[in-house]
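Contents: one structure, followed by commentary.
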There are 2 protein chains.
Amino acid sequence: MNADGSTPWRSAEDRDAERQSKREAVLTTAVRFFNARGFHATNLDDVARRLKVTKPTIYHYFSSKEEILFECVRRGLAAIRDVAETAQAAGGRGADRLEALMREYALVMTRDFGMCVSRTPDAQLGPESRRKFRALKRDIHAILQGVIADGMADGSLRPGNPLLAANTVAGALNWVAIWYDPKGRMSPEDIADGMVATLMSGLKDTTP
Amino acid sequence: MNADGSTPWRSAEDRDAERQSKREAVLTTAVRFFNARGFHATNLDDVARRLKVTKPTIYHYFSSKEEILFECVRRGLAAIRDVAETAQAAGGRGADRLEALMREYALVMTRDFGMCVSRTPDAQLGPESRRKFRALKRDIHAILQGVIADGMADGSLRPGNPLLAANTVAGALNWVAIWYDPKGRMSPEDIADGMVATLMSGLKDTTP
DNA sequence: TTTTCTCTATACTCACCGGTAACAACCTGT
DNA sequence: ACAGGTTGTTACCGGTGAGTATAGAGAAAA
């Protein structure tokens, strides 16, 4: 028996969990390199060195460099899709759901996997992954556009072109991933709240 | 004498002009590859083949692949800076100057060199070029932020955080370079006008 | 005419990096 | 004890692509 009452032999679950946590470590290390240097400029030897292992070790957990990138963007997109679906399903008028969606979207873009989505051009992936990547982005865009269209229909949003409005919103939010600096003055919440307010109310002053 | 009354021997100016036009051809061909595939995924042999020459020929006009990229982003940034400075110097209240700036900025982002700016991360360039690249972007951002601050001060824009507002605007506009499709339904002018209206007036409906 | 300069091609070097082969150490279950 | 799976290593392969050495053709200058 061990000091803490457990055996020194790890169970199958323990080993499986350890494997998962190592996979995880590869992903979080790699995504930071990708975000800092770009996919092509990142080499797996550097990632491996940072993890204090060698390159072939990484290949025990992923079958290719691209699979690592794809898993990163998949996670980022999953996070965005979650916030989009949650907001879409929430009650209230279109404007309220849009506000919630934008706020949470902005927060995701300040985190590693979210940043990776915005910084990864489709062309960076092979044909198969690119197809999936685009499909996921289309889904999210459809939800965003749908919520905006709902708001325009229920009178809570100014009438207009929902596609263009969605692209404007997506642009402002995705760009957060480019300029956000964790060491900067603005917290993710500051950014999210301020950006939502600006996009909803506009820049122009409307006081009489 | 030639049929058109000129000599078959080209003057020094003609030869110089020809050289410039060849340099130009390299740039416009390269920038399209960069925009379509990304800098690292573009190889100069493909660019050369498209121009019906070979790679060493390109090296008679540019000293490195990076110099080509830098010249592309330099042109894009120059175009943006021009519209920013013109708008800044124009008369009128902050809101009016901001509107003009945003509209012209959006138009630049639908063109090759403008797109290249938004699609090129700093990390893609070497230390020296990166320094210049960032400095130019900072200048433009300062103008944008300044115009917004002016508008907030003169009462034409809603009071708020000029930095955050500038980032929101820049994000929406820069993102145009990612999704704009020349073969799509929306013309650059449609996009520019619609986006300016959305950003200025906001998404929320404010009719009583 | 001869020399020189500009432009272009052929044919190459060389470094980098994604990916693999082979093997060793170590658990774990039989 | 032993077989088999997992995890890691060292040492390597092979493709790719930036950049270059060299030479030749043609125009321009001397």
Side-chain angles (χ1 to χ4, degrees), chain A residues 2 6-27 29-30 33-34 36-72 123-126 128-129, chain B residues 2 6-27 29-30 33-34 36-72 123-126 128-129:
Chain A
N2 261 4
S6 62
T7 82
W9 288 274
R10 281 165 305 170
S11 67
E13 298 87 58
D14 282 350
R15 272 180 288 125
D16 203 60
E18 186 168 348
R19 186 182 171 81
Q20 285 307 315
S21 94
K22 287 179 182 177
R23 233 184 103 97
E24 196 73 22
V26 172
L27 283 177
T29 303
F33 273 99
F34 293 158
R37 304 187 185 174
F39 177 68
H40 285 292
T42 298
N43 70 61
L44 290 186
D45 283 315
D46 287 342
V47 176
R49 197 171 313 122
R50 175 76 57 93
L51 290 163
K52 315 267 199 202
V53 294
T54 55
K55 187 170 50 172
T57 299
I58 293 181
Y59 280 88
H60 277 278
Y61 298 91
F62 296 92
S63 71
S64 72
K65 188 185 179 189
E66 194 194 306
E67 185 184 310
I68 299 177
L69 175 61
F70 182 72
E71 178 61 18
C72 291
Q124 210 114 104
L125 290 79
E128 188 56 26
S129 311
Chain B
N2 264 3
S6 62
T7 83
W9 288 275
R10 282 163 304 171
S11 67
E13 299 85 58
D14 283 349
R15 273 180 287 121
D16 203 59
E18 186 168 347
R19 186 182 171 82
Q20 285 307 316
S21 94
K22 287 178 181 177
R23 233 184 103 95
E24 197 72 23
V26 172
L27 284 177
T29 302
F33 273 99
F34 293 159
R37 304 186 185 175
F39 177 69
H40 284 293
T42 297
N43 70 62
L44 290 186
D45 283 314
D46 287 342
V47 176
R49 198 172 311 122
R50 175 76 57 94
L51 290 163
K52 315 265 199 202
V53 294
T54 56
K55 190 169 50 174
T57 299
I58 292 181
Y59 280 89
H60 275 274
Y61 298 92
F62 296 92
S63 72
S64 71
K65 187 185 178 189
E66 192 192 308
E67 185 184 310
I68 300 176
L69 175 61
F70 182 72
E71 178 60 17
C72 290
Q124 210 115 102
L125 290 80
E128 189 54 26
S129 311

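FYI, side chains are in, hydrogens and waters are out, and symmetry mates aren't considered; it's all heavy atoms of this structure. In what follows, chains are A, B, ... by sequence order, proteins preceding strands, each numbered from 1.
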Please set out all donor-acceptor pairs under 3.5 angstrom arising from side-chain atoms of residues 37-45 of chain A, sequence neighbours excluded.
{"unit_1": "A:R37", "atom_1": "NH1", "unit_2": "A:D46", "atom_2": "OD2", "d": "2.9"}
{"unit_1": "A:T42", "atom_1": "OG1", "unit_2": "A:F33", "atom_2": "O", "d": "3.3"}
{"unit_1": "A:T42", "atom_1": "OG1", "unit_2": "A:G38", "atom_2": "O", "d": "2.7"}
{"unit_1": "A:N43", "atom_1": "OD1", "unit_2": "A:D45", "atom_2": "N", "d": "3.2"}
{"unit_1": "A:N43", "atom_1": "OD1", "unit_2": "A:D46", "atom_2": "N", "d": "3.0"}
{"unit_1": "A:N43", "atom_1": "ND2", "unit_2": "A:D46", "atom_2": "OD2", "d": "3.4"}

Kindly say if A:Y61 contacts the phosphate of D:dG8, meaning a side-chain N or O under 4.0 Å from OP1 or OP2.
yes

Rounded off to whole Å, could you give me the CD-to-P distance for the B:E18 and D:dG26 pair?
16 Å

Among the nucleotides C:dG19, D:dT7, C:dC7, whichever has the atom closest to the side chain of A:K22 is D:dT7

Got a sec, which residues hit salt bridge (Lys or Arg N to Asp or Glu O under 4.0 Å) with A:K65, two or more places apart in sequence or on another chain?
none

Rounded distance (nearest 0.5 Å) linking atom OH of A:Y61 with atom CZ of A:R19
5.5 Å

Contacts of B:S63 meeting side-chain hydrogen bond (donor to acceptor under 3.5 Å, both in side chains) (sequence neighbours excluded), chain-then-number -> B:E67

Which residues within residues 41-51 of chain B lie with some heavy atom under 4.0 Å of an atom in DNA chain D?
B:T42, B:N43, B:L44

Looking at residues at least two apart in the chain, or sitting in another chain, which of them share a side-chain hydrogen bond (donor to acceptor under 3.5 Å, both in side chains) with A:E24?
A:R75

Check this one for me: any side-chain N or O of B:R19 less than 4.0 Å away from OP1 or OP2 of C:dC7?
yes

How many angstroms lie between OG1 in B:T29 and CZ in B:F34, if you round to the nearest 0.5 Å?
10.5 Å

For atom CD of B:Q20 and atom P of C:dT6, their distance in whole Å
14 Å

Residues of residues 53-60 of chain A with a heavy atom under 4.0 Å from any atom of DNA chain D, listed by number, are A:V53, A:T54, A:P56, A:T57, A:H60

Can you tell me the distance, in whole Å, between the CG atom of A:L69 and the P atom of C:dG18?
12 Å

To the nearest 0.5 Å, what is the distance between CG on A:L51 and CD1 on A:I58?
6.0 Å

Can you check whether B:L27's main-chain N or O pairs, donor with acceptor, with B:E71's side chain at less than 3.5 Å?
no

Between P of C:dC17 and CZ of A:F39, the distance in whole Å
13 Å

Spacing of A:R37 atom CZ relative to C:dC16 atom P, expressed in whole Å
14 Å

Whole-Å distance between D:dT20 C1' and B:K65 NZ?
17 Å

Between CZ of A:F62 and C1' of D:dT6 the distance, given in whole Å, is 17 Å

Take the protein atom CZ of A:R23 and the nucleotide atom C1' of D:dT6, then report the distance between them rounded to whole Å.
16 Å

What's the separation between atom CD in B:E66 and atom CG in B:L125, rounded to the nearest 0.5 Å?
5.0 Å

